[in-house]
Number of protein chains: 2
Amino acid sequence: MSKATIKDVARQAGVSLKTVSRVINNEPTVRTETREKVQEAINNLGYQPDMAARNLRGATSYAVGLVYDNPNPYYVVDIQQGVLKCCRELGYGLQIHPCDAASPQLIDELADLVLHSRLAGLVLAPPISENDDIVQALADRGIHVVRIVSGAEAPGGPAPAVHVNDRAAAYALTDHLVQLGHRRIAFLSGEEEHRSTPERRAGYEAALRAHGLPVDPALILPGRYTFDSGFNRTQALLAGTDRPTAIFGCNDEIAAGALAATRANGMTVPGDLSIAGFEDSPFSRQSSPPLTTAAQKTEAIARQAMLRLIGAMRPHTTEDMGAGPEADVFVPNLIVRPSTGPVTSR
Amino acid sequence: MSKATIKDVARQAGVSLKTVSRVINNEPTVRTETREKVQEAINNLGYQPDMAARNLRGATSYAVGLVYDNPNPYYVVDIQQGVLKCCRELGYGLQIHPCDAASPQLIDELADLVLHSRLAGLVLAPPISENDDIVQALADRGIHVVRIVSGAEAPGGPAPAVHVNDRAAAYALTDHLVQLGHRRIAFLSGEEEHRSTPERRAGYEAALRAHGLPVDPALILPGRYTFDSGFNRTQALLAGTDRPTAIFGCNDEIAAGALAATRANGMTVPGDLSIAGFEDSPFSRQSSPPLTTAAQKTEAIARQAMLRLIGAMRPHTTEDMGAGPEADVFVPNLIVRPSTGPVTSR
DNA sequence: AATAGACTAGACAACGTTGTCATAATCAAT
DNA sequence: ATTGATTATGACAACGTTGTCTAGTCTATT
């Protein structure tokens with residue numbers, strides 16, 4: 001009924017409490033023979049260390065926090081899943097912490113969280129992870145942090161980071177559109193606070209330039225990562241004189257909005273207009289036609305972030321679990337679906 | 001830098017550790033004067049009890065688990081939010097636990113979770129909450145549980161429950177369609193494991209009967225809570241001879257699929273066909289036209305569930321926070337949007 | 001005025017683990 | 001064989017809190 005403790009294991013293995021503790025924590029100074037004896041007792045009793053006691057005693061703790069303020073539940077759930085799985089592998093607890101990125105007390109709030117929940121560190125998801133002030137302030141307070149950020153490579157900032165190369169993926173997606181013959185491709189931005197926006201835009205511009213095409217500022221529209229934002233901007237575009245032949249929505253919701261506006265205008269996709277999104281959310285799969293998009297492996301990214309966080313604090317814990325630094329950069333995959341097609345002559 | 005402990009509070013207030021503990025836990029046997037003195041010291045030092053120590057010592061613990069296996073991230077995030085907020089109010093920790101409802105080891109897995117994470121209890125979300133075998137097995141093992149279930153009233157089962165009266169809401173939605181003149185209304189079911197499916201269907205049938213309309217089995221189609229399921233069944237319906245004039249999708253994803261299929265068939269909504277969904281997810285708001293649906297207050301439901309769980313264990317903790325038993329039944333609200341309209345003569 | 005009962009408060013141990021320090025066992029080199 | 005260094009193990013305290021038990025202080029009743 002009741003759970004086995006380290007004491008039970010020690011008794012069964014015929015060793016002291018401390019020796020069992022050493023085996024559990026993979027400390028080197030245990031004879032192989034002893035280690036095996038203890039391991040057997042552990043397996044035998046189905047022993048698992050008690051988090052509460054562990055956290056209480058040590059300078060070290062076995063729980064991390066996941067901090068996010070992301071409007072996209074699909075993303076949030078994926079990130080949670082990835083971090084949680086990794087926590088279970090490593091024997092860590094997870095404290096989720098949705099919050100308000102704009103709150104002026106956010107830093108204090110997070111510092112409090114770490115203190116009171118005895119967290120070993122924090123995994124920061126975008127856009128909070130991309131706010132250097134916050135990350136720096138946390139680092140200054142001695143809080144271990146890992147960031148999930150949009151960007152091609154390690155900026156060597158105040159904290160370890162896992163990177164999503166949105167730029168390269170946006171380049172590939174734009175290239176795909178150009179290959180289809182599109183010359184006037186509108187870019188519907190998301191919030192500038194999300195670094196993914198300027199990154200994706202940079203990839204879009206780079207691809208145009210690589211093909212010797214002009215970057216027309218009139219086709220690059222500011223906005224938000226929402227359906228409505230995509231809808232409204234597309235209506236404005238279509239009402240204008242020099243219409244684009246393709247639209248690159250900075251995420252799938254924007255693209256879904258663009259799709260709805262296009263159809264509301266009596267136009268067909270991709271016949272009259274090609275539309276592409278980003279993120280491979282269900283919106284992109286369930287619209288008609290399904291949207292061309294770029295898929296990021298959110299769960300794997302979250303897992304890698306977790307490994308980096310723990311690895312920074314206890315290198316031996318995560319040995320052989322995550323590969324070297326090259327594993328820290330993820331490039332979303334282009335997924336071509338029917339919403340993009342060859343440009344048609346008017 | 002370091003956090004204040006009960007010791008610091010005791011010293012500042014000039015009382016013993018135990019007295020501070022009594023104040024924190026709202027135990028009755030403390031003189032008002034003493035209580036105030038202690039409270040002042042607590043506020044002064046910004047003291048918050050340490051979860052790890054609390055959980056370690058007592059027979060009682062201050063953390064709960066949230067168990068779910070729900071394919072809908074919008075729902076999951078809302079539930080999390082509601083439970084988490086309530087946890088913070090009550091000073092509880094939250095352990096999220098996504099899992100596989102079909103796993104044969106689920107019961108052991110949950111029992112282990114409770115034991116090893118020292119959880120005071122579990123909040124069960126649908127569909128796991130609606131599996132009586134699981135709930136009963138957990139109750140038999142002495143695990144405190146609260147269920148969020150679809151159904152009109154307390155069944156007096158093995159565990160306290162919060163109810164979502166899908167039946168009444170489905171009745172209202174169906175009534176709305178009938179009022180618009182619809183006589184042939186198809187019902188696209190979700191998974192039968194989710195009790196919401198038979199409940200909503202019961203409401204649909206009851207409304208038809210109340211208006212003296214026949215319940216045609218050919219119009220009640222089994223299926224799943226997915227876009228594709230809605231799409232395919234609608235195509236089949238529209239290919240048939242005796243078409244319905246309205247479709248009631250058991251959730252918004254089904255309805256969105258139905259909408260896509262309808263348009264793929266060259267028909268207009270609501271002109272040729274009215275479509276209604278359920279749940280008020282973003283799908284219903286962002287489709288064109290937006291879908292008539294029924295909105296459940298998921299966050300409030302989650303909060304109430306949490307209150308019931310804690311209330312069952314420590315009645316005095318939740319006094320005055322949640323109202324009486326009548327607060328345990330929630331009826332989703334009908335939201336009328338453009339996807340439903342008066343039936344047109346053919 | 002004495003005393004039972006209720007109320008209030010404190011001393012102390014205990015929860016399960018790890019950090020510190022001491023000690024025992026082993027080994028290499030003289 | 002003895003020393004010295006190294007490795008392997010154990011005894012004990014401590015983390016911050018609450019449960020148990022005891023003792024002191026009131027109030028009410030006789």
Side-chain angles (χ1 to χ4, degrees), chain A residues 2-38 41-42 45-63 91-93 115-120 313-314 317, chain B residues 2-38 41-42 45-63 91-93 115-120 313-314 317:
Chain A
S2 168
K3 160 175 67 167
T5 77
I6 204 172
K7 220 165 164 178
D8 304 319
V9 177
R11 196 179 314 121
Q12 181 158 129
V15 297
S16 75
L17 298 185
K18 184 60 204 185
T19 301
V20 178
S21 171
R22 288 199 176 92
V23 172
I24 296 165
N25 293 294
N26 247 310
E27 290 176 33
T29 64
V30 181
R31 238 176 27 204
T32 317
E33 189 192 345
T34 313
R35 187 181 298 275
E36 280 165 1
K37 213 166 48 181
V38 173
I42 288 177
L45 295 165
Y47 167 79
Q48 281 183 249
D50 183 295
M51 285 299 168
R54 256 184 152 184
N55 291 339
L56 179 56
R57 174 57 182 133
T60 54
S61 112
Y62 292 84
Y92 274 68
L115 206 59
H116 288 296
S117 298
R118 293 176 175 271
L119 300 182
M313 300 182 299
R314 305 218 189 107
T317 310
Chain B
S2 169
K3 157 176 70 168
T5 76
I6 204 172
K7 220 166 164 178
D8 303 320
V9 176
R11 196 178 316 122
Q12 181 158 130
V15 298
S16 75
L17 299 184
K18 185 60 202 185
T19 302
V20 178
S21 172
R22 288 198 176 94
V23 172
I24 297 165
N25 294 293
N26 248 312
E27 291 176 32
T29 62
V30 181
R31 237 173 32 203
T32 315
E33 190 191 346
T34 313
R35 186 180 299 274
E36 279 165 1
K37 215 167 44 181
V38 173
I42 288 177
L45 294 165
Y47 166 79
Q48 282 183 248
D50 183 295
M51 285 298 169
R54 256 185 153 181
N55 291 339
L56 180 56
R57 175 56 181 131
T60 53
S61 114
Y62 292 84
Y92 273 68
L115 206 58
H116 288 294
S117 298
R118 292 175 175 273
L119 300 182
M313 300 182 299
R314 306 220 188 104
T317 309

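Chain A is the first sequence line, chain B the second, and so forth, proteins listed ahead of strands; every chain is numbered from 1. Atoms considered below: every heavy atom in the structure, side chains included; atoms not considered: hydrogens, waters and symmetry mates.
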List every contact pair, protein side and nucleotides 4-8 of chain D side both N or O, where the distance is under 3.5 Å.
none

Within the sub-3.5 Å range, which N or O atoms of nucleotides 25-27 of chain D have a protein N or O partner, and how far apart are they?
none

*asked:* Does the protein touch nucleotides 19-24 of chain D at the base, only the backbone, or not at all? Give it as B, S and - per nucleotide, heavy atoms under 4.0 Å.
replied: B-----

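Each side-chain hydrogen bond (donor to acceptor under 3.5 Å, both in side chains) pair with one or both residues in residues 47-56 of chain A, not counting sequence neighbours, appears once here: A:K3-A:D50, A:N25-A:R54, A:Q48-B:H116, A:D50-B:R118. Screening residues 19-29 of chain A for salt bridge (Lys or Arg N to Asp or Glu O under 4.0 Å) gives A:R22-A:E27 as the qualifying pairs, with residues at least two apart or on separate chains.
Residues B:I6 and B:I24 form a side-chain contact, since some pair of their non-hydrogen atoms from C-beta on lies under 4.5 Å apart.
A donor-acceptor pair under 3.5 Å is absent between the side-chain atoms of A:S117 and the main chain of A:L119, judged by distance alone.
Checking the phosphate oxygens (OP1, OP2) of D:dG10, a side-chain nitrogen or oxygen of A:T19 falls inside 4.0 Å.
Of all heavy-atom pairs spanning A:A13 and A:A41, the tightest one is CB-CB, 4.0 Å. For the residue pair B:A63 and B:Y92, the shortest heavy atom distance occurs at N-CD2, 3.6 Å. For the pair B:S61 and B:A120, the tightest heavy-atom approach, listed with the atom from each and the gap, is OG-N, 3.1 Å. Listed here is the closest heavy atom pair of B:L17 and B:K7: CD2-CA, 3.6 Å. Closest approach of A:A53 to B:L56, counting heavy atoms only: CB-CD1, 3.8 Å.
Each end of the helix from C:dA1-D:dT30 to C:dT30-D:dA1 gets its own rotation axis from five pairs of C1' atoms, and the angle between them is 50° to the nearest 10 degrees.
Across the interface with DNA chain C, nearest-nucleotide mapping of B:V15 and B:L56 shows B:V15 to be the residue nearer the 5′ end. Position along DNA chain C of the nearest nucleotide to A:A53 versus B:S16 favours B:S16 as the more 5'-ward residue.
Interface limits on DNA chain C: the 5'-most and 3'-most nucleotides within less than 4.0 Å of chain B heavy atoms are C:dT8 to C:dG16.
The CD1 atom of A:I42 lies 10.5 Å from the CD atom of A:Q12; values are rounded to the nearest 0.5 Å. Note that the OG1 atom of B:T32 and the NZ atom of B:K37 stand 12.0 Å from one another [nearest 0.5 Å].
Applying the salt bridge (Lys or Arg N to Asp or Glu O under 4.0 Å) rule to A:R57 yields no partners; only residues at least two apart in sequence or on another chain are considered. Evaluation of the salt bridge (Lys or Arg N to Asp or Glu O under 4.0 Å) rule for B:E36 yields no partner, not counting sequence neighbours. Partners of B:R35 according to the salt bridge (Lys or Arg N to Asp or Glu O under 4.0 Å) rule, which considers only residues two or more places apart in sequence or in another chain, do not exist here. With sequence neighbours excluded, no residue satisfies side chain to side chain donor-acceptor pair (under 3.5 Å) with B:T60.
Counting non-hydrogen atoms under 4.0 angstrom, B:R35 reaches nothing in the nucleic acid. Looking at heavy-atom distances under 4.0 Å, B:Y62 makes no contact with the nucleic acid at all.
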